[in-house]
There are 2 protein chains.
Amino acid sequence: MLKWYQKGLELHHLQSFMAVAHELSFRRAAQELHLAQPALSRHIQQLEHIVGYRLFDRDTRGTRLTEPGLALADGLKPVLAELGQTLRRAEEAAEGRRGRLRVVYSIAAISSYLPEVLQAFRQRRPEVRLELQELESAEQHAAVLAGRVDCAFTIMEPPARPELKVIPLFREQIGVVVPRDHAAARLERVKPQMLAGLDYISFPRHFNPRLYDSVLAFFHREGFNPALGPVAINRINAMGQVITGSGFTTINAASAHLGGPGTAFRPFDGEGVPELPHTFSYLAANTNPTLQAMRACVQERFGGAA
Amino acid sequence: MLKWYQKGLELHHLQSFMAVAHELSFRRAAQELHLAQPALSRHIQQLEHIVGYRLFDRDTRGTRLTEPGLALADGLKPVLAELGQTLRRAEEAAEGRRGRLRVVYSIAAISSYLPEVLQAFRQRRPEVRLELQELESAEQHAAVLAGRVDCAFTIMEPPARPELKVIPLFREQIGVVVPRDHAAARLERVKPQMLAGLDYISFPRHFNPRLYDSVLAFFHREGFNPALGPVAINRINAMGQVITGSGFTTINAASAHLGGPGTAFRPFDGEGVPELPHTFSYLAANTNPTLQAMRACVQERFGGAA
DNA sequence: TAGGCTGATGCTGAAATGGTATCAGAAGGG
DNA sequence: CCCTTCTGATACCATTTCAGCATCAGCCTA
C-alpha cells in the first residue's frame, strides 16, 4: 500500500474536498474557493484517484457524500484545525511570544540579580519555556559558542570572539567570608593579612582562571600568602567549609547570603580588589526570537548598555 | 493575516520540511525523498516565504532548525500522523470494514429473525456503527427511497420501483392472539368465526394497507365481520389491549411471544390466511460498502435468494 | 592547495493547472 | 409541452510551475 505522500496528495485537494463536503455543491464550493467549477471538479477527481474510492455520489441533480467520504470529512476536520493551530503556534514562536530559551548562569548571578531578570522575562513572555542550567563561566562560554545554549550570565570576561555578543552588566568587588566568630567579622572592611592562620578555600582554577589568578595576585600584593585549603566545587560548598572552620573563602557581596548565619561577609580593604565582571553574552548569529526579549529585559535592568 | 490555504501551502512543503528537520541535511533529505537537492531547497524556500519566517539556519557547514522551525516540526509530527490515521480509517470505510449502516425495521422483524442477522453482521464488521430505528413498513420504504437510511427489514411488499432492490426473505402466516383464558386458546388452530364476540384490535391502515385489507378480506371470506376495536399504534400496545380483554389481534408467529403469558397465540384455520412478506430492501444505487456485508449476512441466513 | 562537503542559483523542457466554452441530464415553471 | 435553469463533466488552450541538470560560492579537512 502506498502512503499518501507517495501519490501526490496535497492540501488543496483536501481543502477542495472539505468545501464540497460542506456545501454539497461543486458550484457553490468553487465560488467559495474563488475557483472555477471545472478546476474544482478535477481536484475532487484527482483526490478520488489518489485515495482509490469515490468520495461523492453525484449526478445531475446534486452531490452527496459517500460513506467513506463522510468518514474522511469527519476525520479531516480536526486534523486541519490542528494544522492551523500548529502554524499559529510556530508563528508565535517566530515572533518570540512562544518557544524556548536556553539560559546558563553562574551561582553568582542566580544568587543576586538574575531571579529579578528572569521574573521580568516571564512576565513579558509567559509562554516561553526557560531552560535554565547552572554552569561555571568557562563552560558557559563554550556552550554559547557551540550553540548548545542561547545565552549566558557569567562572571568572567568572555573570549573576544567576533561572533560573540557581550553585554557588560556591572563589576562587583569580591569580599571575604569567615566564620561568624572570627576576629575579622568584627571589622567593617578586612585586609587580607587579617586572615592569617586561615586556609583559603578556593575553587578549581579552570572554572575561572582570570579570577583565580587575580585573587592570588591581590593577596600577594597585600603581603598575604595563604595556605590553599580544600578546593570547593561551588560557592555553596565553599560556604559549608567555612562554617566547619576549614578556613575562609571569597565571594561577591550579592551572593554573601549563601553562607547563612554561621558566616560573615566583609568587603576587602586594599588596592586592586579583584572584581567579578558580570556579563550577559550570546551568539550574534543566534536567531532565537525570544533572545531579543531577554536582551531587552537585561538592558532594562542595567540601563541601556549596548 | 492570511490563512495557510490562501498562500499555497501544500503537503509536499511540509513533507520536505519534516525530512530536512529530521535529517538536518538538504542532500540526505533530498535523497530520502527521491528528489534532487535544488528542488528540495526550493520547497523549503517556498515554505519559508509562505509562513513568513526562517525555518533553518543554514550555511556552508550545515543546517540547524530555528526556534520557530523546531516548534513547527514538533507540532507537525502528530498532525501528519493523524492525517495518515484519518486516511487509513476512510480507506477502511471504503472497504466496508468501518463506517455506518442505517437500518430500519418492523417490530415483526426485530422480534423474530433480525437480532440473529444483526449479531452475525456485528461479528463480521465489528467496527461498523449500526444506526437502528423501528418504523412502520410504509415509512421504511419512503426512508429508503429518499436515501435517509441504507436498508429496511419490512413486512410489506415494497413498491415496484426499478431503483429499489428487494430481497424476499420468507412468507409467514399470521395468527390470532386472544386472552389466555379465551375458548379459542384451547384449540390447535382457530377459525375466525370462533372469535365472535371479540373486537378486532387492528392497526392504522396506512401502516400497511395491503395487510390491513387482506386481513379483513380473509375474515369476510370466512364469514366473520368483527367489530373494529381500538387501533393500536404498534403490536406491543395491541398485545396489552388483548390482555385487558378489549378483544383479539393478529400477529405473525415469530412475534407471538410479545404478548407474554397473559395471551395465547394460535394459527388461523382456513383458506388464504394472510401472510407477511418479510423483505430486505435497499436502493440499488446505494454505494455504502457496509451494505454489501449486510446483504451477505441476510443471504447467508435465508439461503442464496437473489 | 586540492578535494571533500555544505546549500543556492540559472536555465530549460516537460508536466500540471486554471480558465473559457461547451456538453449532457434532470427539474421546475409558464 | 417546451423552455429555462440547475446539476457536474469534458475539451481545449494559455500560462504557470516544477524537477533536474549544471554550476556557483563558501567552509573544512587532508
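The shown structure was predicted, so the numbers you read here are calculated from the model rather than taken from an experiment. In what follows, chains carry the letters A, B, and so on, assigned in the order in which the sequence lines appear, proteins first and then strands, with residues in each chain numbered from 1.
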Salt bridge [X]-[Y], side-chain N to carboxylate O under 4.0 Å:
| X | Y | result |
| --- | --- | --- |
| E82(A) | K77(B) | no |
| E127(A) | R88(A) | no |
| R89(B) | D74(A) | no |

So which protein N/O to nucleotides 27-30 of chain D N/O distances come out below 3.5 Å?
residue, atom, partner, partner atom, Å
dC27(D), O4', T60(B), OG1, 2.9

- Message: Taking 4.0 Å as the cut-off, does a side-chain nitrogen or oxygen of H43(B) come that near to OP1 or OP2 on dA19(D)?
- Response: yes

- Message: Looking at T63(A), I'd like to know whether one of its side-chain N or O atoms comes within less than 4.0 Å of OP1 or OP2 on dG8(D).
- Response: yes

Between [N] atom [atom2] and [X] atom [atom1], what is the distance in whole Å?
| X | N | atom1 | atom2 | value |
| --- | --- | --- | --- | --- |
| L24(A) | dG8(D) | CG | C1' | 14 Å |
| F56(A) | dT7(D) | CZ | C1' | 14 Å |
| Q45(A) | dA16(C) | CD | P | 15 Å |
| R58(A) | dT10(D) | CZ | P | 9 Å |
| D59(A) | dA24(C) | CG | C1' | 12 Å |
| E23(A) | dC6(D) | CD | P | 16 Å |
| L40(B) | dT6(C) | CG | C1' | 13 Å |
| E10(B) | dT17(C) | CD | C1' | 12 Å |

- Query: Heavy-atom count around R102(B) CZ within 6.0 Å, excluding the residue itself: above 12?
  - Reply: yes

- Query: With respect to the side chain of S25(B), which nucleotide from dT17(C), dT6(C), dA9(D) is positioned closest?
  - Reply: dT6(C)

- Query: Is there a donor on the side chain of R42(B) or the base of dA8(C) sitting less than 3.5 Å from an acceptor on the other?
  - Reply: no

- Identify which one of H43(B), R42(B), Q46(B) satisfies the side chain to side chain donor-acceptor pair (under 3.5 Å) criterion when paired with H13(B). Q46(B)

- Query: Touch check for Q46(A), heavy atoms < 4.0 angstrom, all strands: base, sugar-phosphate only, or nothing?
  - Reply: sugar-phosphate

- Quick one: are the ring centres of Y212(A) and F207(A) less than 6.0 Å apart? no

- Query: Is a side-chain donor-acceptor pair under 3.5 Å present for D57(A) with T66(A)?
  - Reply: no

- Query: Taking atom types as modelled and ignoring hydrogens, do the side chains of T63(A) and S25(A) form a donor-acceptor contact shorter than 3.5 angstrom?
  - Reply: no

Contacts table for residues 31-41 of chain B: side-chain donor-acceptor under 3.5 angstrom, sequence neighbours left out:
residue, atom, partner, partner atom, Å
Q37(B), NE2, S41(B), OG, 3.1

- Task: Name every residue in residues 26-39 of chain B that has at least one heavy atom under 4.0 Å from any atom of DNA chain C, in order of residue number, or write none if there are no such residues.
- Result: F26(B), R27(B), Q37(B), P38(B)

